[in-house]
K.L.:
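Have a look at this one before I ask anything.
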Amino acid sequence: MKTKPDPVKTLVVSFVFSIPLSFLLIAVYTTMLLYAAKIGASEDAMWEYMEQEELQ
């Protein structure tokens with residue numbers, strides 16, 4: 001017989017995984033914005049640059 005997953009455990013696990021992921025996204029975005037400010041580019045230009053790098 002299958003048992004349903006415990007909602008409390010599922011919630012705790014999702015929080016544990018989402019917090020480091022949030023920090024990673026914040027770090028990447030902050031680094032991108034700082035680099036953009038350093039070279040004087042806009043946020044849109046940085047997204048374009050990252051997409052071009054991804055495609056290569």
Side-chain angles (χ1 to χ4, degrees):
M1 289 175 64
K2 290 184 178 181
T3 57
K4 288 186 176 179
D6 186 11
V8 175
K9 286 182 184 175
T10 307
L11 185 70
V12 168
V13 169
S14 68
F15 270 115
V16 166
F17 278 105
S18 69
I19 291 169
L21 186 63
S22 299
F23 282 126
L24 180 67
L25 289 172
I26 290 167
V28 167
Y29 192 69
T30 305
T31 304
M32 186 184 80
L33 288 179
L34 288 173
Y35 181 70
K38 189 174 130 184
I39 64 170
S42 67
E43 182 182 350
D44 292 334
M46 285 307 296
W47 282 115
E48 285 289 327
Y49 172 75
M50 288 183 74
E51 286 174 5
Q52 287 175 2
E53 287 293 316
E54 222 174 65
L55 293 174
Q56 290 178 356

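What you are looking at is a predicted structure, and each value in this text was computed from that prediction instead of being measured. Just so you know, residue 1 is the first one in the sequence shown, and it goes up from there. The basis for the numbers below is simple: all heavy atoms, side chains too, and nothing from hydrogens, waters or symmetry mates.
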K.L.:
Let me confirm one number: the OG1-CD1 distance from T31 to I26, rounded to the nearest 0.5 Å.
P.N.:
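Spacing of OG1 (T31) from CD1 (I26) equals 11.5 Å.
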K.L.:
Quick check on side-chain contact (heavy atoms from CB on, under 4.5 Å): which of L11, V13, V12 does F15 satisfy it with?
P.N.:
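That would be L11; it is the only one of L11, V13, V12 passing the side-chain contact (heavy atoms from CB on, under 4.5 Å) with F15.
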K.L.:
Identify, with sequence neighbours excluded, every residue that meets side chain to side chain donor-acceptor pair (under 3.5 Å) alongside Y29.
P.N.:
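Partners of Y29 under the side chain to side chain donor-acceptor pair (under 3.5 Å) test: E43.
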K.L.:
Considering only residues two or more places apart or on different chains, which pairs with a residue in residues 8-25 satisfy side chain to side chain donor-acceptor pair (under 3.5 Å)?
P.N.:
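Qualifying pairs: none.
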K.L.:
Of L34, V28, L33, which meets side-chain contact (heavy atoms from CB on, under 4.5 Å) against T30?
P.N.:
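Considering L34, V28, L33, a side-chain contact (heavy atoms from CB on, under 4.5 Å) with T30 is found only for L34.
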